[in-house]
2 protein chains.
Amino acid sequence: MRLSTKGDYGVRALIELALHEGEGPVQRAVIAARRQIPESYLDHLLAQLRRDGFVRSTRGPSGGHELARPASEIRLLDVLESLEGSLAPLGCLEDGEAHSEQHVVCGQRWVWQEIYDAMRARLAAVTLAELLERDRTRKGRIAPSYSI
Amino acid sequence: MRLSTKGDYGVRALIELALHEGEGPVQRAVIAARRQIPESYLDHLLAQLRRDGFVRSTRGPSGGHELARPASEIRLLDVLESLEGSLAPLGCLEDGEAHSEQHVVCGQRWVWQEIYDAMRARLAAVTLAELLERDRTRKGRIAPSYSI
DNA sequence: TACAATCTCGAGCGATTTACTCGACAATCC
DNA sequence: GGATTGTCGAGTAAATCGCTCGAGATTGTA
């Protein structure tokens with residue numbers, strides 16, 4: 001049930017870009033150093049984020065990477081699904097798998113469906129801008145009590 | 001973010017045992033066939049569940065496996081954490097990792113903390129008895145709307 | 001007592017995934 | 001032209017996953 005480093009690193013990188021929004025491109029080396037990401041690995045993550053329209057890159061001296069859209073319009077859910085693929089906890093929750101054999105024999109699908117839905121809803125409600133804000137004011141305000 | 005087959009298969013097996021609660025032991029071969037689990041793999045899952053006190057096994061002819069406690073007292077959360085280890089989506093959410101370097105540089109910990117807490121709360125509220133009930137009446141009652 | 005049925009335990013193993021590195025190349029700016 | 005940056009794809013070592021197998025222990029039955 002662990003997020004892979006792709007998702008983790010990728011979001012870190014985007015937070016770094018959000019931090020310098022409107023200040024021109026940030027170099028790979030800078031992102032990597034500030035967020036503790038292996039530089040050559042970061043390449044692949046940026047490539048994926050570029051493909052899906054989150055990041056724009058420019059080459060040459062003083063080139064680098066920047067957000068392709070405002071941080072307030074980039075949802076955490078979309079970023080993570082770009083980098084990780086589906087976040088579904090069970091295979092039978094994925095689109096298209098709705099009527100497999102496993103489905104009948106599984107017995108726990110409904111709980112995971114609830115959890116999956118709640119997770120996606122929460123991730124969809126968080127934008128890079130909000131992540132950035134909390135990253136700046138490192139107060140980490142107390143999480144409200146909640147339930148599924 | 002996918003549950004491994006251990007958790008999936010293990011819960012399936014326990015549902016099968018819950019289905020025959022109070023009827024004496026169920027054989028490995030029966031569980032495996034009914035819930036589509038590789039028989040020799042099931043061995044390891046049952047061993048783990050035995051170690052953690054969910055299952056009691058008896059050898060010899062007409063031996064097999066049964067629940068060590070009432071189905072209504074076995075929480076899905078405990079079963080899954082027994083089989084999967086921690087369900088934490090990020091390493092930095094695990095006990096003991098509270099003050100690592102990653103923590104500072106991560107920036108998304110709080111969202112995942114919220115999701116993780118909600119997930120554990122939901123899984124803690126579901127017992128084998130409830131899973132069984134829904135498995136029997138395959139109505140799969142409509143999930144209530146909810147949020148984190 | 002033999003023997004068959006069942007669980008028990010640990011070693012091993014092939015395939016896949018993860019988390020990278022590296023090198024050749026392309027673009028841009030000076 | 002050369003320095004600086006990004007781009008792309010191949011490759012790879014290690015870990016994890018999802019099992020199988022075999023040798024044994026235990027128990028019920030004839």
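Side chains included, hydrogens not; waters and symmetry mates left out as well; all remaining heavy atoms used. Order of the sequence lines fixes the chain letters, A, B, ..., with proteins taken first and strands second; residue numbering starts at 1 for each chain.
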Interatomic distance, CG@A:L80 vs CG@A:L14, rounded to 0.5 Å, equals 9.5 Å
Round to a whole Å and report the spacing from [atom1] of [X] to [atom2] of [N].
X     : N      : atom1 : atom2 : result
B:L3  : D:dT16 : CG    : P     : 17 Å
B:R2  : D:dT16 : CZ    : P     : 19 Å
A:D43 : D:dG11 : CG    : P     : 18 Å
B:L46 : D:dG18 : CG    : C1'   : 16 Å
B:L45 : D:dT20 : CG    : P     : 12 Å
B:R28 : D:dT27 : CZ    : P     : 18 Å
A:L17 : D:dG6  : CG    : P     : 11 Å
B:E39 : D:dG18 : CD    : P     : 19 Å

Does the distance from a Lys or Arg side-chain N to an Asp or Glu carboxylate O, for [X] and [Y], drop under 4.0 Å?
X     : Y     : value
A:R2  : B:E94 : yes
A:E39 : A:R28 : yes
B:E16 : B:R12 : no
A:K6  : A:E84 : no

Phosphate OP1/OP2 of D:dT4: any A:R59 side-chain N/O under 4.0 Å
no
Is B:Y9 near enough to D:dC19 that one of its side-chain N or O atoms lies under 4.0 angstrom from OP1 or OP2?
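So the side-chain polar atoms of B:Y9 do come within 4.0 Å of the phosphate oxygens OP1 or OP2 of D:dC19, strictly under.
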If you look at every strand shown and take non-hydrogen atoms under 4.0 Å, does [X] touch a base, only sugar-phosphate, or nothing?
X     : result
A:S57 : sugar-phosphate
B:S4  : sugar-phosphate
B:H44 : base

Distance-only donor-acceptor check, side chains A:T127 and A:R75, under 3.5 Å:
no
Specify the residue among B:R51 and A:K6 whose closest nucleotide of DNA chain C lies further upstream toward the 5′ end.
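The residue whose closest nucleotide sits nearer the 5' end is B:R51.
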Where chain A begins and ends its contact with DNA chain C, read 5' to 3' at 4.0 Å from heavy atoms:
C:dA19 to C:dC29
Using a 3.5 Å distance criterion without hydrogens, assess whether the side chain of B:Q48 forms a donor-acceptor pair with backbone atoms of B:L83.
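Not at all, since once roles are kept as given, no pair shorter than 3.5 Å links the two residues.
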